[in-house]
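Heads up, the thing below is written out as structure tokens.
Just so we're on the same page: letters track the sequence lines, and every chain starts at 1. Keep in mind the model is a prediction, meaning the values are calculated, not measured.
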Amino acid sequence: MRYDIIIIMELELLRHSTSHILAAAVQQLYPSAKLGIGPAIEEGFYYDFDIPGTTLTPEDLVKIEEKMREIVKKDEKFIKVPMSKEDAVKLFTEKGEKYKVELIKEIPDANVTVYRTGDFIDLCRGPHIDSTGKAGAFKLLTIAGAYWRGVETNPMLQRIYGTAFEKEEDLKTHILKLEEALKRDHRKLGRELDLFNIYHEEAGAGLVYYHPRGARLRLLIEDFLRKEHLKRGYEFVITPHIARINLWNTSGHSGYYRENMYFLEIDKQEYVLKPMNCPGHILIYNSKLHSYRDLPVRFFELGTVYRYERSGVLHGLLRVRGFTQDDAHIFTTPEKLQDEIIAVIDFAFEMLKTFGFDYEVYLSTRPENSVGSDENWAHATDALINALQKKGIKYATDPGAGVFYGPKIDVKMKDALGRPWQGPTIQVDFNLPERFDLHYIAEDGSKKRPVMIHRVVLGSMERFLGALIENYGGAFPLWIAPTQVIILPIADRHLGYAEKLKQKLLDSEIRVEVDPRREKINLKIREAQVQKIPYMLIVGDKEEAAGKVAVRSRHGGDIGESGLEEFLDKLRKEIDTKA
RNA sequence: GCCGACGUAGCUCAGUCGGUAGAGCAGCUGUUUCGUAAACAGCAGGUCGCCAGUUCGAUCCUGGCCGUCGGCUCCA
């Protein structure tokens, strides 16, 4: 374990040093280039440059890489030079490195360190590899725009991404991995498996159309979700897709969420296409008096919401403008908040486990501008932390990243390329109960304010399905495979037998198809294989005479002859275990 | 929205240094009745993302718009 950590740290050091070599190369080729920052990141490194009058092209990367190799060949030492802040400011001001000067001025210490490699000088905490000759295998990958310090009003710099490993073969493996990941891209698989499409030109960006197989997949998951919610004491509600602006004025969304909302005006009445389900659920809660005995009230809805997202951020199913959340709002007494959060966390992680996801957990605490009392925030934040600890879930704290109305737990799922996407989230809310003047009658007969929990356990069906497709590479486990079995008759005289088998499987609620075409068996197998259908039943003279089937699995190939009942048993077992 | 790359047949892609385009797969028709990852032949298929401009002539050049991809920012 410790050994792993050391390796990771060494890799980070190597990558960071490689980013210095990159910066040195860029400055040699483009003397006017000003430096931004150049850290090591999870899968490599990047460096940001401001190069007046030059926009880098992919061909430039080749040149830069060559220059880097020259620097490596020279085997220049990374020399640490401690200096006072004043000297550093002077040094970088002379070099016109305005971004570095900005950084130095923000360092609280009196002294800073800079690193010198040949003629190249960079502000850096270090440490580094000894000399450029110690650099490993590296490759520059892409160029992208990035705002200085990530702030939109700042200048846009040119960012070069690259990666580095100690050994050439590790680099090769990594690049192969990237290529493999592209094959699992849900946008590609969505087309190949005919699951969904986004008709950008004809119907709008960020709006998903589920084709029959995709719809089947989604409905299977939704059915599962509904059952799981019923088990856990949720009640189902259904709310409209539009509501008068009044509702959003009360909730506050028409103010702080305005730029994400779609507005409609008819008969001089303003309506909003709902960006969230909470106000609707609140109306239902508020339609009657609630006793403390009835709490918590848990309203669940597969609620479709529409949010305007800036054009540059849309991404297949993973970021869209219309999506369906597996959304619930829990109204509880403060006393029961803790137990409720534990139950929700349990629920969310059970779902993630069921689908075999990789994820990261973040706890976001109180931001600067927020509503609610210190006491409430402390109570809710503690409840979240306790719940995470009780469940033994590893998490990172994101200080000040909570929503203004309460702290939250976010779970990020990873796509094929390892990019994190927010899925499940559990948010405590002190704001809406105030704004809608919610209450319940307490034991002593007094009116009290309930606490609300907003939570999704998958996130949204779209994002979840996108991540799911990538997670399984399109080869869905039997229990959610849109088509579970395909029957492949060898010649058309076997069609009758195939249809009989199909009916028997349908009677056992197996999702089954027959490929009736006058095609060779090899072709039918190939296509079923490409479609990643879990089981193929090949039937010809032999099988028909014996009343059996020849089973082929998508992973294991030909697994031999089997009676139908025997095969069905095997399917049922596999479905039950969700394997 | 911003920076960069890109948009050619249902899909994957070639091509035209300005004279209205081609391949493979898919589709359709015909022949083949065939045992564990692609039978053969023929046919059809495109206002070259949209709108302007330049030009005798634009898919190609210029501008705007729509959209995709990689990032930034934001989020389920």
Side-chain angles (χ1 to χ4, degrees), chain A residues 46 48 55-58 60 141-161 182 185 187-188 191-192 194 197-202 204-206 257 259-260 275-277 303 305 307-327 403 410-413 417 419-425 427 454-464 466-467 488-495 517-531 536-543 550-554 557-560:
Chain A
Y46 68 79
D48 287 343
T55 45
L56 297 170
T57 65
D60 294 331
L141 298 171
T142 50
I143 308 163
Y147 299 106
W148 168 236
R149 317 193 90 175
V151 178
E152 265 180 72
T153 46
N154 282 346
M156 171 116 3
L157 308 179
Q158 301 185 65
R159 174 172 296 178
I160 297 177
Y161 280 94
L182 290 181
D185 189 313
R187 293 165 296 192
K188 185 173 151 69
R191 206 183 308 112
E192 289 171 357
D194 198 16
N197 206 346
I198 296 174
Y199 298 93
H200 311 98
E201 304 286 343
E202 307 92 316
Y257 208 69
E259 57 190 42
N260 287 296
M276 300 203 182
N277 301 303
V305 296
R307 300 181 186 173
Y308 173 76
E309 296 285 350
R310 300 154 112 195
S311 57
V313 306
L314 299 174
H315 184 98
L317 292 182
L318 294 175
R319 186 180 276 98
V320 292
R321 286 180 176 154
F323 55 98
T324 300
Q325 296 178 300
D326 59 327
D327 204 1
V403 202
D410 287 330
V411 181
K412 302 197 178 188
M413 306 183 291
L417 284 169
R419 293 176 292 203
W421 298 88
Q422 186 175 315
T425 170
Q427 309 182 351
H454 307 247
R455 46 104 286 181
V456 287
V457 298
L458 300 185
S460 73
M461 295 312 295
E462 283 71 16
R463 182 171 285 179
F464 185 78
L488 309 178
I490 288 187
D492 47 13
R493 65 175 175 278
H494 309 119
L495 246 178
R517 294 173 305 166
R518 271 184 68 177
E519 293 288 352
K520 288 180 73 173
I521 196 68
N522 282 330
L523 181 94
K524 293 184 183 183
I525 288 171
R526 182 187 149 75
E527 292 190 356
Q529 200 74 48
V530 168
Q531 286 298 309
M536 289 158 243
L537 297 184
I538 291 131
V539 293
D541 293 336
K542 255 193 302 180
E543 288 74 21
V551 184
R552 185 188 162 99
S553 96
R554 122 188 104 180
D558 188 353
I559 53 178

*Roughly how far, to the nearest 0.5 Å, is the CD atom of Gln158(A) from the CD1 atom of Ile143(A)?*
7.0 Å
*Round to the nearest Å and state the distance from His200(A) atom NE2 to rC69(B) atom C1'.*
11 Å
*Residue list, side chain to side chain donor-acceptor pair (under 3.5 Å) with Arg455(A), at least two apart or on another chain*: His229(A), Tyr234(A)
*asked:* Applying side chain to side chain donor-acceptor pair (under 3.5 Å), can you list everything that pairs with Asp541(A), at least two apart in sequence or on another chain?
replied: Arg493(A), His494(A)
*Determine whether Val320(A) and Leu314(A) make a side-chain contact, defined as any pair of heavy atoms from C-beta on separated by less than 4.5 Å.*
no
*Where each residue is assigned the nucleotide of RNA chain B containing its nearest heavy atom, which of Thr57(A) and Asp541(A) is assigned the position nearer the 5′ end?*
Thr57(A)
_Span that lies between the P atom of rC6(B) and that of rU62(B), in whole angstrom_ = 12 Å
_Integer angstrom distance from the C1' of rC72(B) to that of rA58(B)_ = 36 Å
*rC61(B) and rC48(B), which share atom name P, separated by this distance in whole Å*: 15 Å
*How many Å lie between CD1 on Ile160(A) and P on rA5(B), as a whole number?*
14 Å
*For Glu527(A), which residues count as a side chain to side chain donor-acceptor pair (under 3.5 Å) partner, sequence neighbours excluded?*
Arg517(A)
*To the nearest Å, how far apart are Glu202(A) CD and rG49(B) P?*
14 Å
_Using the C1' atom as the point on both nucleotides, what is the distance between rU55(B) and rG63(B), in whole Å?_
16 Å
_Letter per nucleotide, 5' to 3', of nucleotides 38-46 of chain B [B base touched, S only sugar-phosphate touched, - untouched; heavy atoms, 4.0 Å]_ = BB-------
*Given the rule in the side-chain hydrogen bond (donor to acceptor under 3.5 Å, both in side chains) test, do Arg552(A) and Gln529(A) qualify, once you have shown the distances and angles that lead to the verdict?*
CA-CA 10 Å; Arg552(A) 185 188 162 99; Gln529(A) 200 74 48; 3.2 Å; yes
_Which nucleotides of RNA chain B pair, in dot-bracket form (Watson-Crick or G-U under 3.5 Å, | meaning another strand)_ = (((((((..((((.....[..)))).(((((.......))))).....(((((..]....))))))))))))....
*Under the side-chain contact (heavy atoms from CB on, under 4.5 Å) criterion, do Val411(A) and Thr425(A) qualify, and how do the steps go?*
CA-CA 6 Å; Val411(A) 181; Thr425(A) 170; over 6 Å; no
*Phosphate-side-chain proximity, Thr55(A) and rG4(B), N/O vs OP1/OP2 below 4.0 Å*: no
*Which is true for Ala550(A) with a 4.0 Å heavy-atom rule: it touches a base, it touches only sugar-phosphate, or it touches nothing?*
base
*Might you point out which heavy atoms bring Ala205(A) and Arg321(A) nearest each other, and give the distance in Å?*
O-CD, 3.8 Å
*Rounded to the nearest Å, what distance is computed from the CD atom of residue Gln158(A) to the P atom of nucleotide rC2(B)?*
17 Å
Between N or O atoms, less than 3.5 Å apart, protein on one side and nucleotides 8-14 of chain B on the other: list the pairs.
unit_1: rU12(B); atom_1: OP1; unit_2: Arg191(A); atom_2: NH1; d: 2.9

*Taking all heavy atoms of Gly423(A) and all of Met413(A), pick out the closest pair and write down the distance.*
CA-CE, 3.9 Å
*asked:* Classify Asp326(A) by what it touches in the nucleic acid, base, sugar-phosphate, or nothing, heavy-atom distance under 4.0 Å.
replied: nothing
*Among all residues two or more places apart in sequence or in another chain, which pass the side chain to side chain donor-acceptor pair (under 3.5 Å) test with Asn277(A)?*
Lys274(A), Gln325(A), Asp327(A)
_Residue pairs passing the salt bridge (Lys or Arg N to Asp or Glu O under 4.0 Å) test where at least one lies in residues 142-152 of chain A, sequence neighbours excluded_ = Glu102(A)-Arg149(A), Glu106(A)-Arg149(A), Glu152(A)-Arg310(A)
*Do nucleotides 70-76 of chain B as a string where each nucleotide becomes B, S or -: B if the base has a protein heavy atom under 4.0 Å, S if just the sugar-phosphate does, - if no protein is that close.*
BBBBBBB
*For nucleotides rG49(B) and rA38(B), find the distance between their C1' atoms and express it as a whole number of Å.*
33 Å
*What is the nucleic acid contact for Glu543(A), judged by heavy atoms within less than 4.0 Å: base, sugar-phosphate only, or nothing?*
base
*asked:* Could you tell me how far rU73(B) sits from rG7(B) if I compare only their C1' atoms? Round to whole Å.
replied: 25 Å
*Considering heavy-atom distances to RNA chain B, does Val530(A) or Arg493(A) have its closest nucleotide positioned more toward the 5' end?*
Arg493(A)
*asked:* Tell me the interatomic distance from Asp194(A), atom CG, to rA26(B), atom P, rounded to whole angstroms.
replied: 16 Å
*asked:* Please classify the nucleic acid contact of Lys524(A) as base, sugar-phosphate, or nothing, using heavy-atom distances under 4.0 Å.
replied: nothing
*Looking only at heavy atoms, which two atoms of Pro275(A) and Arg307(A) are closest? And how far apart?*
O-NE, 2.8 Å
*asked:* List the residues meeting ring pair (Phe, Tyr, Trp, His ring centres under 6.0 Å) with Tyr308(A), not counting sequence neighbours, and say none if there are none.
replied: none
*Residues in ring pair (Phe, Tyr, Trp, His ring centres under 6.0 Å) with His315(A), at least two apart?*
Trp421(A)
_Distance, C1' atom - from rG46(B) to rA52(B), rounded to whole angstrom_ = 23 Å
*With Tyr161(A), which residues qualify under ring pair (Phe, Tyr, Trp, His ring centres under 6.0 Å), at least two apart?*
Tyr46(A)
*Using atom CD of Glu527(A) as one end and atom P of rA37(B) as the other, report the distance to the nearest whole Å.*
14 Å
*Quantified in whole Å, what is the C1' atom distance between nucleotide rC66(B) and nucleotide rA44(B)?*
30 Å
